[in-house]
Amino acid sequence: MTRRVFTVGSLIPGRMIVKQAQAPLSTPKTVKKQANKIILLQNGRTFEISPVKGKLLDTALNQGAALQYKCRKGTCGQCAVRVLEAQGLTKPNEKELNKLKEEIKNGFRLACQAEIL
C-alpha cells in the first residue's frame with residue numbers, strides 16, 4: 001500500500017512531490033541506564049549517595065548521609081567506611097594506607113580522604 005505524504009514544500013503549485021512512507025526497519029529498544037551511585041557501609045548502616053566531584057565525606061554529608069567523622073585529617077579513623085559500590089573514586093592515598101592497612105583490601109576507605117572524580 002502506497003501512502004502519500006505531503007509536506008509544505010510539496011503543496012506549492014507545480015512542485016507536487018510524492019513520497020512513500022516507510023515503516024522503520026527495527027523498533028528501537030529502550031535501554032535502561034543505571035544512575036551512578038556510591039553505596040557505603042558504616043557501623044551496620046548503608047548509605048547511598050550520588051557522586052559529585054570532591055571529598056567523599058563532604059558529598060555524603062551534603063546529601064544527608066549521617067556518616068560519623070571527627071578530625072577530617074585522616075588520623076582518627078572515625079570516618080572509615082566500606083565501599084560496596086562506587087565509580088570514580090581516587091586510589092587510596094598515603095594516609096588511608098597507613099591508617100587502614102589490610103582493611104583497604106576489603107573495600108574500606110577514609111571518607112575524609114577519598115575523593116570523587
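Judged by distance alone, with hydrogens and angles left aside, the side-chain atoms of K99 form a donor-acceptor pair with the main-chain N or O of T75 at under 3.5 Å.
N98 places a side-chain heavy atom less than 4.5 Å from the side chain of E94. Between F108 and V81, every side-chain heavy-atom pair lies at or beyond the 4.5 Å cut-off. A heavy-atom distance below 4.5 Å is found between the side chains of R82 and L84.
Here the closest non-hydrogen pair linking L41 and G44 is CD1-C, 3.8 Å. Minimum heavy-atom separation, C79 to C112: SG-N, 3.4 Å. Taking every heavy atom of both residues into account, Q113 and E96 meet most closely at CB-CG, 3.7 Å. Contact between E48 and K37 at its shortest, heavy atoms only, is OE2-CD, 3.5 Å. Closest approach of T59 to S50, counting heavy atoms only: CG2-O, 3.6 Å.
Taken from CD1 in I116 to OG1 in T90, the straight-line distance is 9.0 Å, to the nearest 0.5 Å. Within the model, atoms CG of L56 and CG of L40 stand 5.0 Å from one another, a figure rounded to the nearest 0.5 Å. Put simply, CD on Q42 and CD on Q78 are 8.0 Å apart, with the number rounded to the nearest 0.5 Å. Atom CD of E115 is separated from atom CZ of R109 by 9.5 Å, given to the nearest 0.5 angstrom. We find the CG-CG distance between L110 and N93 to be 7.5 Å, quoted to the nearest 0.5 Å. Taken from CG in L57 to CD in Q68, the straight-line distance is 11.5 Å, to the nearest 0.5 Å.
Ion pairing between a basic and an acidic side chain is recognised when a charged N comes within 4.0 Å of a carboxylate O; D58 and K53 show no such pairing.
Within 6.0 Å of OH on Y69 lie no more than 12 heavy atoms contributed by other residues, nucleotides or ligands.
I104 and I38 sit in two unconnected hydrophobic clusters of ILVMFWY residues. Membership requires side-chain heavy atoms under 4.5 Å apart, directly or through other members.
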Fill in: Derivation and outcome, side chain to side chain contact (heavy atoms under 4.5 Å, CB included), residues I39 and F47
CA-CA 6 Å; I39 300 176; F47 302 95; over 6 Å; no
